[in-house]
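Within every chain, numbering begins at 1; the chains are lettered A, B, ... in the order of the sequence lines, protein sequences first and strands thereafter.
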Amino acid sequence: MAHGSVRVRFAPSPTGLLHIGGLRTALYNYLFARKHDGEFVLRIEDTDRSRYVADAEENIVDALNWTGLDYDEGPGVGGEHAPYRQSERGDLYRKYARELVDQGAAYYAFDTEEELDALRARGEDGDGTPAYDSSTRRDMRNSLTMAPETVERKINEGDDYVVRLKVPPQRTIHFDDEVRGGVSFDATEIDDQVLLKSDGMPTYHLANIVDDHLMDISHVIRGEEWLSSTPKHVLMYEALGWDPPTFAHLPLIMSPDSSRGGKLSKRDAERLGIPVYVTDYREAGYEPDGLLNFLALLGWNPGTEQELFDLEEMVEAFSLDRVGSSGVQFDLDKLRWVNEHYIRALSVEELAERARPVADAEGYEVSDERLEEICALVQERVQVAPEVVTDNRYFFEDPEEYEEEGVEKRWTDDSADLLLAYADRLEALDGFDADDLETVLRDLADEKDVGAGAIIHPARLAVSGRSYGPGVFGLMAAVGKEACLRRMRRAAEVLG
RNA sequence: GCCGCGUUCGUCUAGCUUGGUCCAGGACGCCGGCUUUUCACGCCGGUAACACGGGUUCAAAUCCCGUACGCGGUACCA
């Protein structure tokens with residue numbers, strides 16, 4: 001490695017809410033930095049005024065805070081390379097754009113977007129040669145073809161111009177990628193990229209390399225969509241006489257929809273019920289550590305059979321050479337499975353804290369004590385905290401209907417009588433704890449000479465409306481005496 | 001179209017550098033069983049893959065070539 005210390009950056013564009021793929025990129029950068037005792041920098045790439053979204057930066061910061069991916073430098077926390085918003089670093093980019101022009105590695109161009117679009121749209125000319133390719137622009141209106149005085153005059157007169165990278169003809173640009181190995185591009189395939197836009201703002205390409213160099217970034221870890229533009233970046237590093245950082249391009253997160261494929265888009269994800277934004281995961285009640293754990297495994301593997309990691313363990317196990325190179329499909333089931341383990345690791349109090357706002361939002365009045373009792377019962381059967389409430393509504397309200405399949409299978413001719421008898425005995429009971437409920441039921445079953453199941457199943461159906469759930473006795477105790485009696489008697493009546 | 005990257009169970013993947021120990025291992029999902037005179041958890045078992053075609057070799061998931069397919073890029077967006 002050419003660099004002494006590791007410095008990486010997460011450089012999102014504030015064009016909207018932070019996407020799940022962005023979080024994974026941040027995670028890998030974070031893991032790599034911590035693993036090598038390096039620094040993790042947050043840089044906001046807000047050079048496109050037209051796509052700027054005011055709240056986006058705050059959302060990005062919130063997401064990083066929520067997941068615990070602490071950055072060492074960035075907006076808000078500062079650092080010796082501040083500022084960390086590209087919109088505040090404009091002069092820097094203009095300076096290096098000029099330097100590139102002075103070195104002959106870039107040039108001023110006066111062609112309008114419309115002219116270029118028209119040329120591109122024309123496709124091939126009659127003789128089969130393309131109307132536009134990488135060499136075409138060399139014959140257009142720019143500082144390569146015009147007299148220096150003319151160029152100077154046009155600029156002084158306020159004509160719109162851009163600065164373009166002058167891609168050298170006939171060259172192969174090669175660079176090494178930590179996850180893909182060697183990658184080569186033929187320079188004739190590379191367009192003369194705009195570096196400085198006519199509004200004076202840099203494009204991603206210029207801003208990116210200037211900042212990565214000035215901020216002393218050692219490793220650029222980003223999504224694969226950047227692989228094709230990396231040769232342009234390499235060319236710029238060369239022209240400026242800078243050492244390029246080490247590159248690592250991560251596989252893209254794809255839509256699990258086999259018929260459509262492609263990058264996981266907002267539309268696809270919504271259609272498939274997959275949350276796209278980090279905010280959505282937070283609202284859905286996923287554990288941040290669980291989300292991170294899942295994301296780490298999406299494109300990386302530790303080389304061992306370990307699947308569950310806390311952040312520290314992930315840091316320890318992480319390495320770029322175990323990052324895969326093919327696109328990965330998002331698997332919601334696996335995320336839920338991972339999250340389930342994080343739910344189990346919670347204390348009952350912690351789970352209740354998470355369930356509280358859900359219960360409140362649903363309008364259920366429940367004491368902390370009882371909510372904890374419920375959490376203890378369902379902790380091992382929910383995958384996401386809100387399900388404590390939303391999948392177990394019978395704790396809060398009488399069931400309105402009874403699961404058809406369960407009734408068919410468990411409700412028999414003698415069920416109503418047994419249930420009524422059970423209810424009567426419970427009514428005479430002083431307390432209402434699970435042990436008593438069980439004793440009474442088993443005694444009754446013995447007397448009536450039936451299996452305990454003959455009462456257990458109907459009781460569950462009556463009290464919860466379902467054929468599955470936590471152990472019946474604990475469940476009934478949590479539901480409470482009054483409600484249990486009411487529900488059993490009603491079921492006896494309704495189901496016969 | 002062109003350029004680049006990729007292709008092992010439905011999905012995430014191990015294995016590929018240094019060919020044989022792989023009739024390919026793990027995990028999610030799914031199915032079955034055990035346990036529980038209640039659901040689940042747990043445990044046990046099962047299902048299912050080297051994209052295709054040519055080489056090279058005594059031997060190929062592993063090396064080479066080609067094809068197909070997928071994805072990315074091809075913007076004064078990032």
Side-chain angles (χ1 to χ4, degrees), chain A residues 11-15 45-48 50-51 109 111-113 116-117 120 123-124 130 133-134 160-164 177 179-181 183-186 188-191 193-205 207-208 222-231 249 251-252 254 256 258 261-263 294 297-308 322 324-338 340 344 377-382 406 410 438 441-442 445 450-461 464 466-475:
Chain A
S13 223
T15 55
E45 310 225 331
D46 53 351
T47 54
D48 185 358
S50 65
R51 295 213 305 158
D111 326 297
T112 65
E113 278 184 86
L116 259 15
D117 286 346
R120 290 183 181 116
E124 288 189 352
D133 67 17
S134 63
D160 274 356
Y161 69 93
V162 298
V163 172
R164 282 185 185 275
D177 185 282
V179 343
R180 273 147 232 281
V183 182
S184 301
F185 286 82
D186 190 332
T188 56
E189 300 299 334
I190 302 170
D191 204 357
Q193 185 62 234
V194 167
L195 267 20
L196 205 63
K197 299 183 263 192
S198 54
D199 66 358
M201 290 292 265
T203 56
Y204 170 88
H205 309 281
N208 199 259
R222 70 223 316 182
E224 195 193 340
E225 69 266 31
W226 296 110
L227 190 63
S228 307
S229 34
T230 304
H249 289 92
L252 262 17
M254 316 295 284
S258 54
K263 267 202 286 190
F294 167 73
L297 260 14
L298 211 56
W300 168 83
N301 77 83
T304 65
E305 285 179 3
Q306 186 175 1
E307 303 254 0
L308 270 9
R322 294 206 70 89
S325 51
S326 45
V328 294
Q329 285 187 30
F330 191 94
D331 182 358
L332 196 59
D333 280 331
K334 184 90 180 235
L335 199 217
R336 291 176 59 81
W337 175 80
V338 170
E340 178 183 309
R344 288 184 194 180
L377 287 171
V378 302
Q379 183 158 22
E380 287 198 352
R381 40 199 109 218
V382 298
R410 307 292 196 182
E438 178 159 11
L441 185 141
R442 291 190 192 283
V450 295
I455 312 178
I456 286 176
H457 294 294
R460 175 190 295 286
L461 232 23
S464 73
R466 302 193 315 205
S467 63
Y468 58 95
V472 232
F473 305 113
L475 184 158

Across all strands shown, which nucleotide pairs with [N] by Watson-Crick or G-U wobble geometry, both distances under 3.5 Å?
N      : result
C5(B)  : G70(B)
C76(B) : none
U18(B) : none
A40(B) : none

Grab the [atom1]-[atom2] distance between [X] and [N] for me, whole Å please.
X         : N      : atom1 : atom2 : answer
Ile190(A) : C3(B)  : CD1   : P     : 13 Å
Asn301(A) : U11(B) : CG    : C1'   : 15 Å
Leu297(A) : C12(B) : CG    : C1'   : 7 Å
Phe294(A) : C12(B) : CZ    : P     : 10 Å
Asp333(A) : A27(B) : CG    : P     : 16 Å
Lys334(A) : U11(B) : NZ    : P     : 13 Å
Glu305(A) : G15(B) : CD    : P     : 12 Å
Leu308(A) : U13(B) : CG    : C1'   : 16 Å

Base, sugar-phosphate alone, or nothing: which one does [X] contact when heavy atoms must sit under 4.0 Å apart?
X         : result
Thr15(A)  : nothing
Glu189(A) : sugar-phosphate
Thr304(A) : nothing
Gly324(A) : nothing
Tyr204(A) : base
Ser13(A)  : sugar-phosphate
Arg180(A) : sugar-phosphate
Val328(A) : sugar-phosphate
Arg222(A) : nothing
Asp46(A)  : nothing

If I pick the [atom1] atom on [M] and the same atom on [N], what distance separates them, to the nearest angstrom?
N      : M      : atom1 : value
G1(B)  : U62(B) : C1'   : 35 Å
G6(B)  : U13(B) : C1'   : 15 Å
C44(B) : A51(B) : C1'   : 35 Å
A61(B) : G55(B) : P     : 15 Å
G72(B) : C12(B) : P     : 15 Å
U8(B)  : A14(B) : C1'   : 10 Å
U47(B) : A24(B) : C1'   : 16 Å
G46(B) : A27(B) : P     : 12 Å

Ion pair present between [X] and [Y], side-chain N to carboxylate O less than 4.0 angstrom?
X         : Y         : value
Arg336(A) : Asp333(A) : no
Asp48(A)  : Arg51(A)  : yes
Glu113(A) : Arg120(A) : no

| query | In terms of the nearest nucleotide of RNA chain B, which residue is placed more toward the 5' end: Val450(A) or Tyr161(A)? | reply | Val450(A)
| message | Let me spell it out: for each of Val183(A) and His205(A), pick the nucleotide of RNA chain B with the closest heavy atom. Which residue's pick is nearer the 5' end? | response | Val183(A)
| task | Could you tell me how the ring of Trp226(A) sits relative to the ring of Tyr204(A): parallel (under 30°), tilted (30 to 60°) or perpendicular (over 60°)? | result | parallel
Rounded to the nearest 0.5 Å, how far apart are [atom1] of [X] and [atom2] of [Y]?
X         : Y         : atom1 : atom2 : result
Leu475(A) : Leu377(A) : CG    : CG    : 7.0 Å
Asp191(A) : Arg164(A) : CG    : CZ    : 6.5 Å
Leu195(A) : Met201(A) : CG    : CE    : 14.0 Å

Where the side chain of [X] is defined as all heavy atoms beyond and including C-beta, which of [options] is the nearest nucleotide?
X         : options                : value
Ser228(A) : A27(B), U7(B), G73(B)  : G73(B)
Arg322(A) : C71(B), A78(B), G15(B) : G15(B)
Val194(A) : G25(B), C41(B), C76(B) : C76(B)
Gln329(A) : U13(B), U11(B), C76(B) : U11(B)
Asp331(A) : U38(B), G10(B), G6(B)  : G10(B)
Arg51(A)  : A78(B), A27(B), U37(B) : A78(B)
Trp337(A) : G4(B), C28(B), A14(B)  : C28(B)
Gln193(A) : A14(B), A75(B), C28(B) : A75(B)
Glu225(A) : C28(B), A78(B), C3(B)  : A78(B)

| Evaluation steps, side chain to side chain contact (heavy atoms under 4.5 Å, CB included), between Val183(A) and Thr230(A) | CA-CA 10 Å; Val183(A) 182; Thr230(A) 304; over 6 Å; no
| Just checking, is any N or O donor in the side chain of Arg180(A) or His249(A) under 3.5 Å from an acceptor N or O on the other one? | no
So, does [X] get its side chain near the phosphate of [N], meaning an N or O under 4.0 Å from OP1 or OP2?
X         : N      : answer
Arg344(A) : G42(B) : yes
Arg466(A) : A40(B) : no
Arg120(A) : A75(B) : yes
Lys197(A) : A78(B) : yes
Arg164(A) : C76(B) : yes
Thr47(A)  : A78(B) : yes

| Residue pair Thr112(A), Asp160(A): steps toward the side chain to side chain contact (heavy atoms under 4.5 Å, CB included) verdict | CA-CA 8 Å; Thr112(A) 65; Asp160(A) 274 356; over 6 Å; no
| task | Can you check whether any acceptor in the base of C76(B) is under 3.5 Å from a donor in the side chain of Thr203(A), or vice versa? | result | no
